[in-house]
Amino acid sequence: MTTIPEKPSLDGIEARWSQQWDADGTYAFDRSATRDQVFSIDTPPPTVSGSLHVGHVFSYTHTDIIARYQRMTGKSVFYPIGWDDNGLATERRVQNFYGVRCDPSIAYEVGFEPPFRGDPPKDHRAIAISRPNFIELCEQLTAQDEEIFEAVLRQLGLSYDWSLLYTTIDDHCRATSQRAFLRNLARGEAYTRDAPTLWDVDYKTAVAQAEMEDREIGGAYHQIAFHRTDGQGDVVIDTTRPELLPSCVALVAHPSDARYQALFDGATVTTPLFGVEVPVLAHHLADPDKGTGIAMICTFGDTTDVTWWRELNLPSRAVVARDGRFVADTPWITDADGSTRYAELAGRSSKQAQKQIVEMLRTSGEMLGEPRPIQHPVKFYERGERPLEIVASRQWYIRNGGREPELRADLVARGDEITWHPAHMQHRYTNWVEGLNGDWLISRQRFFGVPVPVWYRLDADANPDYDSPLVPAEADLPIDPSTDVPAGFAAEQRGVPGGFVGDPDVMDTWATSSLTPQIAGRWEVDDDLFQRVFPMDMRAQAHDIIRTWLFSTAVRSHWEHGTAPWRHAALSGWILDPDRKKMSKSKGNVVTPATLFDQYGTDAVRYWSGSARPGVDTALAEDQMKVGRKLAMKLLNVSKFVLGFGEPAAGTEVTEPVDLSMLARLAAVVDECSTAFAGFDYARSLERTEAFFWWFCDDYVELVKSRAYRGTDTGAASAQQALRGALNTLQRLFAPFLPFTTEEVWSWWQQGSVHRAAWPTTAAMPNGDAALLDVVLGVLAHVRRAKTEAKVTQRAEVALVAITAPANVHAALQAGFADLTEAGSIASITVETGDEMGVAVVLATETVIPGDAETLHSL
RNA sequence: GGGCGCAUAGCUCAGCUGGUAGAGCGACACCCUUACAAGGUGUUGGUCGGGGGUUCGAGUCCCUCUGCGCCCACCA
């Protein structure tokens with residue numbers, strides 16, 4: 001037992017106790033525990049591409065609160081953390097930080113030094129470096145960022161078992177990710193296909209449906225005339241993308257549209273400017289009310305074009321290349337003028353090409369009127385800067401129900417195996433799964449990621465055989481097909497006819513992070529561990545990534561294990577600006593976690609997080625943190641006060657009805673908190689504990705402190721024992737929320753960590769009359785009010801308190817008389833029987849004038 | 001267009017299975033009271049978004065309208 005400080009303080013307790021917990025292994029997972037004694041948590045590995053913000057602090061605290069509660073109930077808590085460092089986010093950060101870009105065609109340079117380390121000047125043009133050099137920089141920078149992340153999360157007091165740390169690019173994660181992929185491949189759940197895909201022209205990679213978002217941007221309708229080949233005039237269409245005119249493959253109208261009926265019998269038109277002959281077709285997706293009711297189909301302007309192209313068996317005439325620029329070769333344009341015109345477009349970006357085409361149309365007179373500007377939603381990659389294009393390319397997919405109704409239904413049903421907190425979050429999951437319109441595209445044409453672990457045989461003409469990829473043995477994972485060689489081949493055979501070639505792509509980050517339960521549980525590496533933690537008890541995450549992380553994890557678990565990955569999903573809300581708008585970036589940069597920790601203390605910030613209901617979007621409220629700090633300070637001070645009485649003699653019992661009443665109320669709180677926590681409603685537990693705590697400090701302690709001071713008689717001992725019992729329970733009830741403060745005060749009088757102490761139960765708590773204190777303290781409130789209204793100190797003497805009360809509460813009042821007289825400095829108390837409760841207070845300093853209502857304070 | 005959530009005191013929110021409106025913050029007044037002045041005591045403040053219904057009784061259940069937010073779809 002350490003000594004109680006003269007002036008208790010919160011300063012420095014974070015560093016002190018973090019260090020102690022680390023040294024003691026306070027949060028180490030005990031893997032000897034059987035599955036039913038384990039509580040396993042699947043935590044979000046934060047993306048290491050910037051800094052942790054207040055939103056992380058918020059949601060990570062919620063998980064930690066539950067972890068700490070579970071640990072105190074005796075569970076062995078499996079609570080790992082990882083860093084999500086692979087992927088595009090890291091690449092982008094590396095590019096910006098060092099002023100470089102990756103060019104796989106460049107050779108490795110030994111001892112390469114980047115031109116900058118942070119903040120390259122704005123006019124700096126990124127220098128091209130080899131893929132291995134680029135990956136080295138990624139590894140350097142993420143290692144550096146991860147140290148900062150770890151420091152912040154430790155300061156936040158998250159009770160991770162740091163020995164379980166993983167990073168999504170490390171060997172174990174790459175092996176796990178590749179193993180899961182190969183299993184998917186072997187069972188036919190992963191497949192490769194050459195097809196139109198959403199494509200970001202800046203990052204030059206395919207992206208998945210889940211990573212796409214709409215943005216409202218400016219555009220314009222252009223009315224353009226196509227010419228009927230039968231000489232019967234023009235067909236006018238409306239388009240926002242006139243630059244795709246050279247890739248037009250058909251016109252389309254609704255089958256029932258009377259205006260175009262005559263054209264459905266095999267009529268053809270020629271495209272303006274380029275003179276390409278295309279058919280006029282009917283399809284139900286054409287909307288008669290849009291534009292002129294007839295549209296041009298291009299390969300590809302949008303996803304509807306893809307549908308039309310597929311369902312109407314149209315040719316492919318792509319003009320936008322993977323870098324977003326117009327291709328050079330357009331063999332389908334045979335018209336001489338058309339070819340000349342197109343030659344001017346080759347190599348241009350979409351935007352430039354549009355400008356030029358519009359100019360050409362004006363000149364040729366084939367545009368009717370001027371463009372009509374509109375604002376319309378356009379699809380963007382969520383991290384991208386230019387609209388997505390649709391480009392045909394070979395990609396890897398994992399079946400996720402987007403193309404198979406039965407599978408979709410199975411995955412929706414997996415949602416029923418999970419208990420959602422709050423329950424309505426399941427709708428978002430169901431809604432997303434039912435709205436899928438394609439399989440999960442997992443390959444990315446990027447560099448810092450887990451390689452797709454396959455090779456392809458090359459035929460005599462060096463064409464890859466994509467239908468039967470060569471796969472590595474699981475024991476050899478992780479592999480990199482660009483440097484490793486498939487079994488049965490020699491390194492010299494790479495890229496030569498009859499030899500092999502490695503798949504050039506990496507998998508998307510989600511393809512790895514969808515395996516966090518398998519990664520953390522060391523699936524197929526440590527079967528004993530995996531059996532003890534999987535399926536996990538709980539997944540914690542924010543609700544905005546239900547469609548990505550939560551769903552993709554469910555897909556992988558469905559295929560590999562035939563089960564939902566967890567029993568509970570706990571969804572946190574978002575952090576909003578104090579004005580309740582979504583937290584802006586600039587704001588987030590100002591209010592960093594470190595600033596808040598320094599200003600209010602970690603426990604105060606955790607208090608704010610812990611008071612937010614699960615799943616509820618919450619405003620950043622610094623005044624709540626002030627309240628949290630006040631609470632922590634109060635806990636220090638009241639602990640000091642109670643412990644200052646010293647330890648009562650062995651065998652001391654709580655005997656006074658007033659003390660038993662307080663304990664009875666506390667018991668009710670304990671039960672409520674336990675029930676709330678069992679339902680993952682940590683916020684209710686905090687609220688109840690806090691409400692009791694302030695009542696305890698302000699009312700109960702004030703009522704009994706004089707008696708407790710008295711020393712060693714039965715009444716004093718009863719008060720001291722009750723105070724200590726309540727304090728012990730309160731420190732444990734607060735422990736999940738205020739881990740540093742509670743550990744500090746616990747250390748003043750207890751052995752071991754409060755975070756390893758048992759969660760309070762009511763079994764051994766004495767029975768008392770909870771209502772008794774309501775009556776007694778009701779009287780005290782009147783006395784206080786009288787003094788306040790008389791503008792005298794609360795220590796002022798009271799000559800008489802005359803109580804009128806129903807007979808059935810007289811006993812309760814009597815039980816409190818002794819404490820009341822001392823707490824209120826009351827000379828005399830009288831009780832009369834009456835139907836209603838009434839309290840009259842006569843201050844000693846007042847001259848009592850009979851009939852003077854001013855001095856009587858009644859109910 | 002489909003789905004979900006929210007609407008309670010000036011502000012932030014609680015009010016779980018229907019039983020006479022709650023907390024904190026703020027504001028105001030008072031008190032240097034020996035655990036705590038980064039404290040304490042008290043006061044003020046709401047026809048629970050509008051309308052209708054069920055019920056002895058509705059903030060709470062049902063219908064409807066309005067406003068706000070989020071997700072999804074559409075986006076020639």
- Output yes when at least one side-chain N/O atom of A:His376 is less than 4.0 Å from OP1 or OP2 of B:A76, else no. yes
- Message: Whether A:Gln209 contacts B:A73 is assessed here as follows: a side-chain N or O lying under 4.0 Å from the phosphate OP1 or OP2. Is that the case?
- Response: yes
- Query: So, is A:Thr304 near the phosphate of B:C75, with a side-chain N or O under 4.0 Å from OP1 or OP2?
  - Reply: yes
- Presence of salt bridge, A:Asp659 and A:Arg707, under 4.0 angstrom: yes
- Query: Do NZ/NE/NH1/NH2 and the carboxylate oxygens of A:Glu389 and A:Arg241 come within less than 4.0 Å?
  - Reply: yes
- Below 4.0 Å: OP1/OP2 of B:C36 and any side-chain N or O of A:Lys630: no
- Item | Presence of A:Arg688 side-chain N/O under 4.0 Å of B:A14 phosphate oxygens OP1/OP2 | no
- Query: OP1, OP2 of B:U43 versus side-chain N and O of A:Arg785: anything below 4.0 Å?
  - Reply: yes
- For the pair A:Asp774 and A:Arg665, find out whether any cationic side-chain nitrogen is under 4.0 Å from an anionic carboxylate oxygen. yes
- So does A:Glu702 reach the base of B:A35 with its side chain, donor to acceptor, closer than 3.5 Å? yes
- Message: At less than 4.0 Å, is any side-chain N or O atom of A:Lys705 found next to OP1 or OP2 of B:U34? Yes or no.
- Response: no
- Note on the structure: Under a 3.5 Å limit on both distances, the Watson-Crick or wobble mate of B:U54 is none
- For the side chain of A:Asp214 and the base of B:C74, is some donor closer than 3.5 Å to an acceptor across the two? yes
- Query: Hey, are A:Asp238 and A:Arg372 close enough for a salt bridge, meaning a charged N less than 4.0 Å from a carboxylate O?
  - Reply: yes
